[in-house]
Amino acid sequence: MNKPKVVEHENLQDWAKEIFQKNSFNMIDVSSKKETFRRALASGKIYVGKEVFDLIKNKQMPKGDPVTLAEVAAVLGVKKTSELIPLCHPLPIDHTATKIILIEENYSLEVYCVVSAVAKTGVEMEAIMGVNAALTTIYDLSKIVNPHLKIDNVKLLIKEGGKSGVWTNPDGLPKFLENIF
């Protein structure tokens, strides 16, 4: 009977790195990180034009109220993020909320989505996915009236938690969001 070959721990680590990290995609290893409170806020905008804007404002859209359905879609987008973005970790979401503001000056709807969790990694992608799910839902319910719609300026505004603490978008925040985080 052959004796099993003994592999030194250092050689095993090198072998594992070679196999699992070189020239391939991989999720970041967060197994040794501690869980901390994480929160992120993202935003985005959709320009719908005067006709669609007035119909939304007066709750007369043919397929129903885009704002209410977009808020529900944002929750689903947040919850499904790791299923849609290949290298995202699935996270235990503790809270999410979405606010949609109608801006009459340019016939747009601005979407804000906040997400929080106690986790080993941040919730930025979940907040961004919530915004995108809301915006594309508004697009879907509005295109029947006017397919000339524009989604714009999806971005992370604030994130907090983990080693890096609080990060605020260097482009600044809307006035009503200052001093919230």
Side-chain angles (χ1 to χ4, degrees), residues 25-30 32-49 52-53 56-57 66-143 148-181:
F25 296 103
N26 57 73
M27 291 176 84
I28 299 300
D29 184 358
V30 297
S32 63
K33 291 175 80 175
K34 299 231 182 289
E35 289 184 339
T36 62
F37 177 74
R38 312 289 184 132
R39 184 166 50 175
L41 174 67
S43 68
K45 186 180 274 197
I46 183 168
Y47 296 90
V48 295
V52 172
F53 187 89
I56 290 172
K57 185 173 147 186
V67 173
T68 302
L69 194 57
E71 289 173 352
V72 173
V75 173
L76 291 173
V78 167
K79 291 167 63 173
K80 300 282 188 181
T81 299
S82 68
E83 295 176 33
L84 297 171
I85 301 176
L87 301 179
C88 276
H89 293 83
L91 298 176
I93 302 301
D94 294 323
H95 175 258
T96 186
T98 302
K99 180 68 178 166
I100 300 172
I101 301 168
L102 279 73
I103 302 171
E104 194 146 12
E105 298 86 67
N106 57 17
Y107 308 116
S108 68
L109 286 79
E110 208 159 46
V111 176
Y112 294 88
C113 181
V114 65
V115 179
S116 63
V118 175
K120 294 180 176 190
T121 188
V123 291
E124 300 92 327
M125 294 311 300
E126 286 75 9
I128 290 170
M129 188 61 76
V131 167
N132 278 303
L135 289 169
T136 53
T137 298
I138 294 167
Y139 193 109
D140 181 48
L141 271 67
S142 301
K143 72 183 188 306
H148 185 64
L149 307 166
K150 178 183 175 186
I151 292 174
D152 193 23
N153 211 19
V154 175
K155 62 185 174 183
L156 181 66
L157 295 173
I158 305 170
K159 72 176 189 115
E160 69 175 327
K163 263 192 320 194
S164 55
V166 176
W167 176 89
T168 304
N169 190 303
D171 293 338
L173 300 173
K175 287 275 185 225
F176 72 93
L177 287 175
E178 291 176 357
N179 304 317
I180 293 230
F181 273 55

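All residue numbers refer to positions in the sequence shown, counting from 1.
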Can you tell me how far apart [atom1] ([X]) and [atom2] ([Y]) are? Round to the nearest 0.5 Å.
{"X": "T96", "Y": "M129", "atom1": "OG1", "atom2": "CE", "value": "12.5 Å"}
{"X": "H89", "Y": "K120", "atom1": "NE2", "atom2": "NZ", "value": "9.0 Å"}
{"X": "I158", "Y": "R39", "atom1": "CD1", "atom2": "CZ", "value": "8.0 Å"}
{"X": "L109", "Y": "K45", "atom1": "CG", "atom2": "NZ", "value": "10.0 Å"}
{"X": "L91", "Y": "M125", "atom1": "CG", "atom2": "CE", "value": "11.5 Å"}
{"X": "K80", "Y": "E126", "atom1": "NZ", "atom2": "CD", "value": "13.5 Å"}

Checklist outcome for this item: The salt bridge (Lys or Arg N to Asp or Glu O under 4.0 Å) partners of K79 (sequence neighbours excluded) come to none
Checklist entry - What pairs with D140 under salt bridge (Lys or Arg N to Asp or Glu O under 4.0 Å), at least two apart in sequence or on another chain? => result K63, K143
Can you confirm whether [X] sits close enough to [Y] that some side-chain heavy atom of one is under 4.5 Å from a side-chain heavy atom of the other?
{"X": "S43", "Y": "N153", "answer": "no"}
{"X": "T36", "Y": "K163", "answer": "no"}
{"X": "L102", "Y": "F53", "answer": "yes"}

Next on the checklist: For the backbone of E104 and the side chain of S108, can you confirm whether one donor and one acceptor N or O come within less than 3.5 Å of each other?
Outcome noted: no
Next on the checklist: Please check: side-chain N/O of D94 versus main-chain N/O of V118, any donor-acceptor pairing under 3.5 Å?
Outcome noted: yes
Checklist outcome for this item: Between V123 and A40 the two heavy atoms that sit nearest each other are CG2-N, 3.6 Å
